[in-house]
Amino acid sequence: MTITEKRLRDRSGSLCEISGSDENLVVYTVAPKTEESVENSILITENLKNQIENPETTNPDDWRGLNESMWSEHLPVQIVSWRMLARLKNHDLLDMMYLEEEALEWAKATGEGDDDESKIIHKDSNGNILKDGDSVVLIKDLDVKGANFTAKRGAAVHNIKLVWDNAEQIEGRVENQHIVILTQYVKKTK
């Protein structure tokens, strides 16, 4: 057990900070934060964590605890509550919630509050959602325009950056060259 997990268990009484369950608890660091800490993370069931990371699996019945967790004194719990209320389109509870401007920016950082039509979601060739910092593997040899080399199938690209205005493009380094890659030619690695 990490120090962060121990501190989160102390903070929450070893219960999920969203549902109140005590089963299959894991630490979830709230994106786009990457450092696991009490200030950036919550204690949550593995089931809810999986639903956060895979929106297509969201089951509204599993999120009944949001009407209480939204009032948490802990900012990361508020952020997750806001995002899930936005995803579930629960405007009644969202309208009651108040976040400081900086906290609201953190909550909106994943695009959860955006209209579905305007939200840009990057997906790999298998439909997995890509995020900044993910690692991918090329699934096809790619001729790199403007450089005299071919990015080989199977090449790993670490710490990718999403092209913010184009869901079909990511940026990364292949053979020490910074290139733009089409998402249809990559597969996310775990």
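By convention here, the first residue in the shown sequence is residue 1.
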Hydrophobic clusters here meaning ILVMFWY residues chained together by side-chain heavy-atom distances under 4.5 Å, can you tell me if [X] and [Y] are in one?
X    : Y    : value
L15  : V27  : no
I121 : I181 : no
L130 : I179 : yes
I79  : L94  : yes

Starting at [atom1] of [X], measure out to [atom2] of [Y] and round the result to the nearest 0.5 Å.
X    : Y    : atom1 : atom2 : result
L162 : D132 : CG    : CG    : 4.0 Å
W82  : L93  : CH2   : CG    : 13.5 Å
S125 : K188 : OG    : NZ    : 12.5 Å

request  = Please check if atom CZ in R7 has more than 12 non-hydrogen atoms from other residues, nucleotides or ligands closer than 6.0 Å.
outcome  = no
query = Are there more than 12 heavy atoms of other residues, nucleotides or ligands under 6.0 Å from atom CD of E101?
reply = no
Please tabulate, for the side chains in residues 66-76, all donor-acceptor contacts under 3.5 angstrom to protein atoms that are two or more places apart in sequence or on a different chain.
unit_1: S69; atom_1: OG; unit_2: G65; atom_2: O; d: 3.4
unit_1: S69; atom_1: OG; unit_2: S81; atom_2: OG; d: 2.8
unit_1: W71; atom_1: NE1; unit_2: N67; atom_2: O; d: 3.2
unit_1: S72; atom_1: OG; unit_2: H74; atom_2: N; d: 3.0

Which heavy atom of [X] sits nearest a heavy atom of [Y], and at what distance?
X    : Y    : value
Q78  : M97  : O-CE, 3.2 Å
G133 : N159 : CA-OD1, 3.3 Å
V180 : E171 : CG2-CG, 4.1 Å
E17  : L8   : OE1-CD2, 4.1 Å
I52  : Y28  : CG2-OH, 3.2 Å
H122 : T183 : CD2-CG2, 4.5 Å

In a table with atom names and distances, give each donor-acceptor pair under 3.5 Å that connects a side chain of residues 136-149 to protein atoms at least two apart or in another chain.
unit_1: D141; atom_1: OD1; unit_2: R153; atom_2: N; d: 2.6
unit_1: D143; atom_1: OD1; unit_2: T150; atom_2: OG1; d: 2.9

Non-hydrogen side-chain atoms of [X] and [Y] separated by less than 4.5 Å:
X    : Y    : result
M96  : L85  : no
I129 : P55  : yes
R83  : W106 : yes
V157 : I170 : no

Between side-chain atoms of residues 36-50 and protein atoms elsewhere (two or more places apart, or another chain), which donor-acceptor pairs fall under 3.5 Å?
unit_1: E36; atom_1: OE2; unit_2: T2; atom_2: OG1; d: 3.3
unit_1: S37; atom_1: OG; unit_2: E39; atom_2: N; d: 3.4
unit_1: S37; atom_1: OG; unit_2: E39; atom_2: OE1; d: 3.4
unit_1: S37; atom_1: OG; unit_2: N40; atom_2: N; d: 3.2
unit_1: S37; atom_1: OG; unit_2: N40; atom_2: ND2; d: 3.3
unit_1: N40; atom_1: ND2; unit_2: E35; atom_2: O; d: 3.0
unit_1: S41; atom_1: OG; unit_2: T29; atom_2: OG1; d: 3.1
unit_1: S41; atom_1: OG; unit_2: S37; atom_2: N; d: 3.3
unit_1: S41; atom_1: OG; unit_2: S37; atom_2: O; d: 3.0
unit_1: T45; atom_1: OG1; unit_2: L48; atom_2: N; d: 3.2
unit_1: N47; atom_1: OD1; unit_2: Q51; atom_2: NE2; d: 3.1
unit_1: N47; atom_1: ND2; unit_2: D62; atom_2: OD2; d: 3.2
unit_1: K49; atom_1: NZ; unit_2: E53; atom_2: OE2; d: 3.3
unit_1: N50; atom_1: ND2; unit_2: E46; atom_2: O; d: 3.3

ask   = Hey, mind stepping through Y98 and E100 against side-chain contact (heavy atoms from CB on, under 4.5 Å) and telling me if it holds?
value = CA-CA 7 Å; Y98 173 78; E100 297 285 339; 3.8 Å; yes
request  = Determine yes or no for a side-chain-to-main-chain donor-acceptor pair under 3.5 angstrom, with N54 supplying the side chain and T57 the backbone.
outcome  = no
task = Return the set of residues passing salt bridge (Lys or Arg N to Asp or Glu O under 4.0 Å) with R9 (not counting sequence neighbours), or none when no residue passes.
result = E5
task = Tell me, please, which residues at least two apart from D61 pass salt bridge (Lys or Arg N to Asp or Glu O under 4.0 Å).
result = R64
key: Which residues share a side-chain contact (heavy atoms from CB on, under 4.5 Å) with N166, sequence neighbours left out   = V163, E168, Q169
